[in-house]
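Here's the structure, in structure tokens; my notes come after.
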Amino acid sequence: MATPTLLLLLLFLASAVLIQANVTYDGKSVIINGRRRILLSGSIHYPRSTPDMWDGLIQKAKDGGLDVVDTYVFWNVHEPSPGNYNFEGKYDLVRFLKAVQGAGLYAHLRIGPYVCAEWNFGGFPVWLKFVPGISFRTDNQPFKDAMQRFTEKIVQMMKSERLFASQGGPIILSQIENEYGQEVKALGAAGRAYVDWAAKMAVGLDTGVPWVMCKEDDAPDPVINACNGFYCDYFSPNKPYKPTLWTEAWTGWFTEFGGPIHQRPVEDLAFAVVRFIQKGGSFVNYYMYHGGTNFGRSTGGPFITTSYDYDAPIDEFGLIREPKYSHLKEFHKAIKQCEPAMLSSNPTVTSLGTYEQAHVFSSRQGGCAAFLTNYNPKSTAHVSFGNRRYTLPPWSASILPDCRNEAFNTAKVGARPSQVQMLPTNTPILSWDTYNEDILFLEEGSSMTAIGLLEQVNLTRDNTDYLWYITSVDIDSSESFLRGGRKPTLFVQSAGHVLHVFLNGQISGSAFGTREKRELTFNSPINLRAGTNKIALLSSTFGLPNDGLHYETWKTGVQGPVVLDGLNHGKMDLTWQKWSYQVGLKGESMNLISPDDVSSINWIPSSLAASGRQSLSWHKAYFDAPRGNDPLALDMRSMGKGQAWINGQSIGRYWMSYASGDCEPCSYSGTYRAPKCQYGCGQPTQRYYHVPRSWLRPTKNLLVVLEELGGDTSGISILRRSWAS
Ligand code: GAL
């Protein structure tokens, strides 16, 4: 009879064998515990929702037929200052991965730590820019040291929580870097050396699972290079012994303020996936499966919207989007039926007509599976295959898991479409109070002066969006404009992103950059008076760049020239005179957003405030939590631009900027270009702002709004979101 100790040992050995997964790969697929797999994956970024939403999102991913959840790791939220780490609340990466594991799914951990992702500074902490001698994402020692430190930190954390599949955890793949291919082209030898170093460094961390580099054609062995795009059927890995992975199959696209909303029809998405897997692709990750919300000041860009909905199968608020979700779910079932055939044979391709093809996977062990494709974007095809006839709608593929019966066609959508609804909650927002920023006596509080104009992020360190540039000009009473002549103009050149010009405490106007062109100019007549005039320029960032060669060197803020024109003697250049600086707004330093704030002396009832529509003012009010479980949003249509907080937590930046440009109805180009498919032109790009339920208490929730342009707070309302078919 076995002794208890021996029994325990046997039990331990058995569980070790059962639980620990060995993950490798070959030219056909990722191999888990000796088994090749077709893996369907979806991106869900943990800080873009709240922890109470995670289980629901992950369960929906599972029910939708996914095997894997993919997330980036966001360095800047985890290490807000060097060596100080934060893995709490919505930054609790371990909890998120354990939720993935709890649902029985795998994870792909894209550590980066450069992530792009429309995230502030591409995921890098802003302090990294100030490390002496640093140069991002190249063969630079200070950068490599910092990158290695963070990557090791994450890997160690995963290991100590036993989260790698090699330890019994869910992580089957990890990513190092992100889309480095373009940079290598620009940087040459230094870029090459960096990629080699990054691969070696990652592999040396000994995670027991394969590493991936996306969009990096030269990924050094054993790192697998992977494709990102709207279509990836042109892609092959750089070595025949690596599997064909698609790390970002774009389900839609992000939006930027002032632009339209992008959609990707699910028919096109499914067709793109078939085209990939019928050529031997064995891992597809939907980017995004749930896009979520860019809370706080987490968006990059600049000018990426607070909503990161992405037209994903699960919408920003965590609700299922139809027909996208269910069509993909049915699609995944059909793919899974083909898995044995696909993984045990190579496809035979035959032409069925000018635009039509059959890809057949056939083997003794795996049976037979076929994909019939019609690449013609305009007309239906009738094809013969085996001894049967099949009808293929334009731009579609049929899946025949037994090489005879059509289980699914990418263009035949059975799921009912549904319409999003934003419904009233009848929750009053009560007792508005106002606090107006004091602009006239600004520089009295400022400690910093300089001759000339300073770079913004050098001063703010991105602890706030706002930097004041303050100066004064003396105007002689002999100036002719004071006696009815043409008003002088003020010209201000800024490197971005937003500028509000105040003269003697009054707003004179604003100017805005765009994501594509961050630089802006202000050029307008202003109301100078005789004597001393105070010019206060409020420069504001709108999410730091997340992409572009050496974006850490890009400048922000008023860079000059600043010139007054139209005086008696012509121009007066203010660029090189004395400027005072103030980092942030008064209301920020007073912590007006805090629910514990007792300093009610700062606030006055809005009805008594000078003007409810004054620019640069703070507003606060209270509301009770609306009943029910529907996700909630603030309708900010009556406001201008700013930020909003609920019980001290930021729901993000808002801006009623109207979508311009061409809204084109959906159409397939028949090429690798994404189908153009946009809507919302003439409307605010983003009117509704997600209020997470978990941030609310039953009664007396504090809403604080910082409004830059002037708005009507009485028009703000709380809505609930649902979808109706
Ligand atoms: C990719 C990038 C992602 C994301 C995406 C656009 O190129 O890898 O991080 O930025 O573009 O949403």
Side-chain angles (χ1 to χ4, degrees), residues 41-48 69-77 108-124 136-137 173-186 195 198 211-217 219 223-232 235 245-257 259-264 269 272 283-294 298-314 316 515-516 543-549 551 672-675 677-678 685-686:
S41 172
S43 289
I44 301 176
H45 295 156
Y46 53 98
R48 285 178 155 141
V69 168
D70 156 307
T71 182
Y72 281 128
V73 177
F74 298 87
W75 185 357
N76 53 10
V77 302
H108 177 204
L109 191 67
R110 307 176 80 193
I111 299 178
Y114 169 69
V115 297
C116 193
E118 291 70 69
W119 194 258
N120 197 42
F121 223 37
F124 288 140
F136 285 7
R137 303 179 74 204
L173 293 171
S174 305
Q175 179 175 300
I176 193 77
E177 252 296 340
N178 190 79
E179 296 196 336
Y180 194 68
Q182 277 161 296
E183 314 275 314
V184 160
K185 274 190 207 122
V195 172
W211 286 92
V212 175
M213 280 184 172
C214 65
K215 268 201 173 177
E216 171 45 60
D217 292 343
V223 177
I224 311 166
N225 63 312
C227 185
N228 292 346
F230 286 105
Y231 303 94
C232 272
F235 172 81
L245 315 183
W246 187 357
T247 34
E248 291 181 25
W250 295 323
T251 54
W253 199 241
F254 61 84
T255 48
E256 52 192 269
F257 280 105
I261 311 292
H262 301 270
Q263 281 181 318
R264 183 170 196 194
L269 177 59
F283 176 98
V284 177
N285 175 66
Y286 296 106
Y287 187 100
M288 302 297 296
Y289 195 73
H290 168 254
T293 309
N294 294 315
S298 66
T299 87
F303 295 110
I304 303 292
T305 50
T306 294
S307 167
Y308 199 63
D309 178 84
Y310 225 91
D311 195 33
I314 306 177
E316 176 187 359
R515 191 173 78 91
E516 291 72 22
L544 300 184
N546 60 290
D547 194 16
L549 192 64
Y551 62 75
Y672 285 134
R673 282 207 351 262
C677 199
Q678 301 164 339
T685 304
Q686 188 182 349

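Order of appearance sets the numbers: ligands from 1, and atoms from 1 within every ligand. Position 1 is the first residue of the sequence; numbering continues from there. Please read these numbers as outputs of a predicted model, since none were measured by experiment.
Checked against the 6.0 Å centroid criterion, the rings of Phe235 and Trp246 do not qualify as a close aromatic pair. Less than 6.0 angstrom separates the ring centroid of His45 from the ring centroid of Tyr287. The aromatic ring centroids of Tyr308 and Phe254 lie 6.0 Å or more from each other.
Inspection of the Ser307 and Gln686 side chains reveals no N or O donor paired with an N or O acceptor under 3.5 Å. Side-chain contact, Trp119 with Asn76: a donor N or O sits under 3.5 Å from an acceptor N or O.
Taking every heavy atom of both residues into account, Tyr72 and Glu248 meet most closely at OH-OE2, 3.0 Å.
Within 4.0 Å of ligand 1, contacts by protein heavy atoms are made from Tyr72, Val115, Cys116, Ala117, Glu118, Asn178, Glu179, Asn228, Glu248, Trp250, Trp253, Phe254, Tyr287, Tyr308, Tyr310.
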